[in-house]
Every structure is written in C-alpha cells, then in structure tokens.
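Counting starts at 1 for both ligands and their atoms, following the listed order. Because only heavy atoms are used, hydrogens play no part in the values below, and waters and symmetry mates are left out as well, while side chains stay in.
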Amino acid sequence: MDIASNEDHPLRRLTLGQLRRRTSMKWRTHPEDVLPLWVAEMDVPLAAPVARALTEAIAVGDTGYPAGTAYAEALADFARERWGWDGVAVERASIVPDVMLGVVEMLRLVTGPGDPVIVSCPVYPPFYQFVTHMDRRVVEAPLGPGLRLDLAELEEAFARSTAGGGRAAYLLCSPHNPTGTVHTAEELSAVAALAETFGVRVVVDEIHAPLVTAEAAFVPYLSVPGGESGLSLMSASKAWNLAGLKAALALAGPAAAGDLARMPEEVGHGPSHLGVIAHTAALREGGRWLDAVLDDLAENRRLLAALLAEQLPAIAYQPAPGTYLAWLDCRKLGLGDDPAAAFLARGRVALSAGSEFGTGGEGHARLNLATTPEVLTEAVRRMAKAVG
Ligand SMILES: Cc1ncc(COP(=O)(O)O)c(C=O)c1O
C-alpha cells in the first residue's frame, strides 16, 4: 500500500484479503466466514502523516516514556480550527492511557465508592462495566424521542441520585454511541444547568467528536455556559483508528482545574509514547485524511439506508452524523431481544448486540459502517437472507 496517496477514499482502499491479515479484535474474534461489522475499528489504511511519524520514531528508537504537552497543543489547535473553540488549555489537560481509563480516573476525582453514575441509555457498554468495576453504581436515564437526551429523565435521575445528599456524576457520551446523535448547544447547556442545580458533576466522553461532520456542528461540552466545571475525555483514537496506540487527553473546564490537578501523576505514565506521537500527528497533519473518511462515511450511510430500505424494510435506521456506527431497530423482525445473534448464526455477519447497551437496547443491533461499500452490501445481503 502506497501510504503517500491514501488520502483518496480511505474507506475504499483495502480488500477483505488485506484486512484479514490484521490481528486485532475485529478480525480475530470470529471465524473467517464471518463479516465483522461490530467493534469500533475502521477498515482504513493508517493516515500517511501518522504512519510517517511512527516510522520516524521507530527509526531513531524513540520508544521510551512520553513527555511534554505536544498532544494537548495539537488538540488545542485542532479544536480551534474545526470547532471554533479556544478552550483547550494545556495547563488544564493531562494525558491518560485511553478514554475509558481516563473516564475512570475522572469519576474517581469527583465521586466515591458506591456513588451513583448516571448514564443516558442505550449507551456504549463499557460505561456499565468500567463504572461497576470501579465500585460505582450505574443509574440509567433513558434517551427520549428521536434518540435525543431526555432532560426530564435526566432531571429525575439527578434528583434521585442526590436525594440523600451524596455525590453523583453524569457520564455523558457526546456524540452519542451507539445512536450517532450529536447533542446541540441548547441540550448541553440544559444538562449543565441541571447538573448545577443538583450538584451533579459531568464527565463527558467526546472520543467520537472529530468524526462529526461540519454541518452537524459538534459542540464541546466545556464550551457551553455551565460547562466550566465539566471534565472531558478526548482522543484521536476513533477518528484515525488508533485504538492500538494507547493515549487520550483528560480536559478540565476552568472551574474543574483543581479536580484534575488531584489526579495522581502516575496515571500519566500509562499512555504509550508511540500512542502520543501517533495521536499528535493525526491531529496536526491528519485533517485531509479525516475529511476523506468523513466523505466516505456519508456515502456509506446513504448506501446502508438504501440497502435496508430495499432488502430489510422492517429495520428502522435513522442515519446520524456523529460517528460511524449505525443503530438498527430490528424489533419488527421478530428476532427477539438479540437480533445480532440471529444475524451471526444464520447470516455470518457480526454486529454488536443491542441488549449490551442497557435499557432500550433490546431488539436492536449496532452496525459499524466504517468499511468498504462491497462489505457493507454483502453484509446487508446476508442479513436479509438470514431473516428471509
Ligand atoms: C464512546 C466511547 N468511549 C470510549 C471508547 C474506547 O476508547 P479507548 O480505547 O480510548 O478507551 C470507545 C470505543 O469505541 C467509545 O465508542
């Protein structure tokens, strides 16, 4: 693969044969006859500037511990350029091993053992697993109509969680995984106002933010009125497919700087130095490659909608601009709570089981559309055959 030219249609470049040489989770969890459209890895070649930065690091043996603030500086410039937001301050940013471990560390700063952590379900399954594993309690506040944040549900959950006078946090996913919903400035401001009213601390996972199209306008939570006391996790990991190159950034709003300062220094020893190099290169030089991915994803969303309308009209799919994941409402297919199990067993297509995303996920499946049109087309053909 010529890495210099891979800014042209990154999602059209790799064959199944090339992809199957990968040894990551997406490609090694299921047997070879299964098409994997589940875990959030993209079927793209590495962006050329990232590959170059890593190759140079390897060439000089730059494989020690991470140092400095280059990642935060790169994110600050990216945020200014892409989102018109000047709010990433290096002195209020810390590197963390990855987004989920960063979430855990942020929750540790603002809650204690046994405290409630509110989530808007259905939501990314590790929100449940990591929160439970760190000895906090998950409280569900389901999404409302149109798969958007339900402020009444949130108010009720915030009130219930703080009724005894204890501490509570809201773990917000923005944009939302699995639905791809991009929260508006009004919604986020309303969340901040509710959080202020009830004394709930907001930790926001913004890992999918660079994948939001310009028209859909991602709004950083820390930028909205009242967001100053928020803690955010950002990363180049999803948008540039760098999950294997561990690194992420924890950001504090001005009023949460003291909280972030209490994070133990050792947490910053966890990210990989090569990860920090890769993420920094992605944010600094990977803009054109990302734009090309976003164009391909827009095409794939249209393709998926057309294929479903034609072959599986009983599935409800609302294309959403917040990520490369598609949330499929399969309840009318009569496949029970776990349609993904039927698609796997009868169609040899691996999707993510909706029930793992908490209340509201039953009867749904999540499909990863960051693949080639050929794979997407074949996947829907197999799904249709599985229920035909
Ligand atoms: C919402 C969300 N948060 C976190 C992660 C995982 O990020 P990391 O590998 O940096 O922990 C994912 C991965 O898909 C995700 O979708």
Side-chain angles (χ1 to χ4, degrees), residues 24-26 29 36-44 66 71 75 93-108 117 119-131 133-134 138 143 147 149 169-183 202-212 218 220-221 231-251 267-268 270-272 274-276 278-280 282-283 293 297 320-327 350-354 356-358 361 366-371:
S24 60
M25 189 183 279
K26 183 173 190 181
T29 298
L37 288 83
W38 62 292
V39 68
E41 297 179 20
M42 294 201 284
D43 297 346
V44 286
Y71 188 3
L75 178 64
S94 298
I95 51 169
V96 288
D98 58 29
V99 165
M100 283 316 299
L101 292 176
V103 162
V104 166
E105 293 300 335
M106 296 307 100
L107 289 174
R108 246 194 256 290
V117 174
V119 302
S120 292
C121 57
V123 73
Y124 181 56
F127 277 21
Y128 292 84
Q129 289 133 15
F130 280 75
V131 167
H133 183 64
M134 70 180 294
V138 175
L143 295 176
L147 302 173
L149 294 177
Y170 174 39
L171 177 53
L172 169 65
C173 193
S174 178
H176 194 85
N177 174 0
T179 59
T181 311
V182 179
H183 310 305
V202 179
V203 174
V204 53
D205 174 343
E206 299 180 311
I207 193 170
H208 292 270
L211 287 159
V212 178
F218 167 71
Y221 179 76
L231 292 159
S232 157
L233 282 308
M234 290 210 180
S235 173
S237 148
K238 284 302 110 181
W240 284 271
N241 204 40
L242 306 176
L245 290 155
K246 288 278 179 187
L249 282 164
L251 308 176
V267 175
S272 139
L274 289 176
V276 171
H279 288 222
T280 304
L283 289 163
V293 168
L297 286 175
T323 176
Y324 52 76
L325 304 164
W327 185 235
L351 308 181
S352 302
E356 290 174 9
F357 293 72
R366 193 191 72 177
L367 180 149
N368 175 350
L369 43 75
T371 188

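Inclusion of Ser235 in the set of residues having an N or O under 3.5 Å from an N or O of ligand 1 is not warranted.
Looking at His279, its side chain never comes within 3.5 Å of a backbone N or O of Leu249 through a donor-acceptor pair. Judged by distance alone, the side chain of Tyr221 and the main-chain N or O of Leu172 form no donor-acceptor pair under 3.5 Å. Under the 3.5 Å distance criterion, the side-chain polar atoms of Ser94 are left unmatched by any main-chain donor or acceptor of Ala250.
Near Ala40, the atoms of ligand 1 lying under 4.0 angstrom from a non-hydrogen atom of the residue are 14 (O). Those atoms of ligand 1 that come under 4.0 Å of a heavy atom in His208, given as number and element, are 1 (C), 15 (C), 16 (O). For ligand 1 and Lys238, the ligand atoms under 4.0 Å from any heavy atom of the residue are 13 (C), 14 (O).
Qualifying side-chain contact (heavy atoms from CB on, under 4.5 Å) partners for Leu101, counting only residues two or more places apart in sequence or in other chains: Pro97, Asp98, Phe130. Under the rule for a side-chain contact (heavy atoms from CB on, under 4.5 Å), the partners of Glu41 that lie at least two apart in sequence or sit in another chain are Ser24, Met25, Lys26, Trp27, Val39, Asn241.
A heavy-atom separation below 4.0 Å is found between Cys173 and ligand 1.
Only the side chain of Ile207 comes within contact range of ligand 1, with a heavy atom under 4.0 Å; no backbone atom does. Contacts of Ala243 with ligand 1, taken as heavy-atom pairs under 4.0 Å, are absent altogether. Of the heavy atoms in Val99, both backbone and side-chain atoms come closer than 4.0 Å to ligand 1.
A side-chain N or O of His208 and one of Thr323 form a donor-acceptor pair less than 3.5 Å apart.
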